J.: 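Got a structure for you, written out below as structure tokens; questions coming shortly.
In what follows, every chain begins at residue 1, and chains take the letters A, B, ... in the order their sequences are listed. From a predicted model like this one, the values you see are computed outputs, not experimental measurements.
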Amino acid sequence: MPPQATDPSASVALEIKSGSVNLLTLKLADGDLDRVAKQLTEKVQNAPEFFRNAPVVIELGALNTRQSTLDFERLSALLRSLGLSPVGVRGGHGALNQGAESAGLAVLAERVETPAREAPKAAVPKAEATLTTLGGGSRVIDQPVRSGQRLYAAGGDLIVLAPVSAGAELLADGNIHIYSSLRGRALAGVQGNLSSRIFCLDLQAELIAIGGHYQISENLEESIRGKPVQVFLRDGALIIEDL
Amino acid sequence: MSRIIVVTSGKGGVGKTTTSAAFAMGLAMKGYKTAVIDFDVGLRNLDLIMGCERRVVYDFVNVINGEATLNQALIRDKRRDNLSILPASQTRDKESLTQEGVERVLNELSETFEYIVCDSPAGIERGATLAMYFADDAVVVTNPEVSSVRDSDRMLGILASKSRRAEQGLEPIKEYLLLTRYSPERVRLGEMLSVADVQDILSLHLLGVIPESKSVLSASNSGTPVTLDEKSDAGQAYRDVVRRYLGERVPHRFVEEEKKGLFSRLFGG
Ligand SMILES: Nc1ncnc2c1ncn2[C@@H]1O[C@H](COP(=O)(O)OP(=O)(O)OP(=O)(O)O)[C@@H](O)[C@H]1O
Ligand SMILES: [Mg+2]
């Protein structure tokens, strides 16, 4: 059977994906915008290609104890005049954030460090479940993974020999193998390893994802439901193929 | 050595208290010294189903708080003197149960009783997690419908991580599936999940199937654990369950629709 590209179909006008993007961070050591303008202009002129159209996040952490406001309109205009594109701020306190927001900047969450955050957040509303991180590379699980359980194989593969229930979640930096039914979620390559794969003997998943490219149950084709399959990425599209 | 059994479910109203009473009575009928504890502080009704509600003087919380001794609070069953009930308090809130307190009471009960059955409240709050924390065995009561199965699954996840056995790295709690309020006819009509469906989802050892039965209501109205009703199908099913729990091989009953008798076949009854 030929591989099935499950997405995008002709009628789909958009697709929401989560992934990590590298952003330049502009760390403000003080809020004197005249000095910032002078020094930044020099830097950009030294390496114009590097900075051209680069998205920038403004790091406000150092300003928190110094000041409660900043002229974000002016700062944004400055960045744009230098060919940068300011996208948001982070690390600031409430008042600074408010100022940034009214100037049309996004207030970004604190550093994204947990791999779970890399998963499509809108599709993972599992707040009360606790994440069990299994250290030491690849891990083998021989008990059913129940609703509400989240297992994360940091730095390796996750191999499960028992059913994974609806409402359970598997995460791995590497591949995920399930030698049974997958009714919950499986997210492989959560740190961005796009060559990781998911293998399972009975696909009934709520969600499958590789490196942040995901697909939800509703969009799984009937022809592969309940079948032994492997899931991988090809040219940015999630491919689900009979085993 | 006593064995602590928690009767749990996640979802409410599926038959935990009915099962706790029937199971405890079944163990006592087999000759074991058995205690049954109501962990549903604030909503006690085990004593009603056991028919001893008018003999409650002290309760579980009194014992935990040191306001009564265990012997003062335990109510001995009038039908089986090897069966005792530790009722819940109706007036306290669930916060009165503490882990140390529960452990102390269970330890003291273990000196006398061979089996200790814990009737868990619904939900995943304190009362329920304390009821399961010290358990050796868990009977997961499930109705053949999706939400109940899902909640049981969730409960099994909690059992596997938040129990004394899990925390101390001991042999895990033995988990049993008890399917209650089962109606083969409604399964045929597609209104309920079948035994096979539920087992497929939960992949758990099936301890028994209790049919939906009017005798359960009349038993609880009269304060008689349904196990004592020899004519009741549910009572028979609970007896089978106890025998299976004790290690006997007993075929499952009440799983198929009853064959219609000659009379109803002739007259389409
Ligand atoms: N096999 C059965 N057939 C018919 N009715 C039943 C059966 N088992 C339980 N019931 C009925 O279901 C209702 C709930 O039972 P029960 O109180 O045992 O559930 P529970 O799980 O303890 O509830 P809670 O979560 O509120 O503690 C009662 O009215 C009981 O009579
Ligand atoms: Mg109850």
J.: So which part of B:D200 gets closer than 4.5 Å to some heavy atom of chain A, the side chain, the backbone, both or neither?
T.: both
J.: List the residues meeting side-chain contact (heavy atoms from CB on, under 4.5 Å) with B:E256, not counting sequence neighbours, and say none if there are none.
T.: none
J.: Just give me the residue among A:Q204, A:R183, A:Q143 that pairs up with chain B most often, heavy atom to heavy atom, under 4.5 Å.
T.: A:R183
J.: What is the distance from atom CG of B:L204 to atom CZ of A:R146, rounded to the nearest 0.5 Å?
T.: 5.5 Å
J.: Should we count CD of B:Q199 as having more than 12 external heavy atoms under 6.0 Å?
T.: yes
J.: Verify the neighbour count for atom NZ of A:K227: are there more than 12 heavy atoms of other residues, nucleotides or ligands below 6.0 Å?
T.: yes
J.: Can you confirm whether B:E248 is buried at CD, in the sense that more than 12 heavy atoms of other residues, nucleotides or ligands lie under 6.0 Å from that atom?
T.: yes
J.: Taking all non-hydrogen atoms of both residues into account, name the closest pair between A:Q149 and B:G157 and its distance.
T.: NE2-O, 3.3 Å
J.: Applying a heavy-atom distance below 4.5 Å, give me the residues of residues 157-165 of chain A that approach chain B, sorted by number.
T.: A:P163, A:S165
J.: Going by the rule side-chain contact (heavy atoms from CB on, under 4.5 Å), which residues pair with B:A22 if we only count those two or more places apart in sequence or in a different chain?
T.: B:V226, B:T227, B:Y238
J.: Any chance CD of B:E171 has more than 12 other-residue heavy atoms, nucleotides or ligands included, within less than 6.0 Å?
T.: no
J.: Would you please name every residue forming a side-chain contact (heavy atoms from CB on, under 4.5 Å) with B:S213, sequence neighbours left out?
T.: B:S215, B:V216, B:S232, B:D233, B:A234
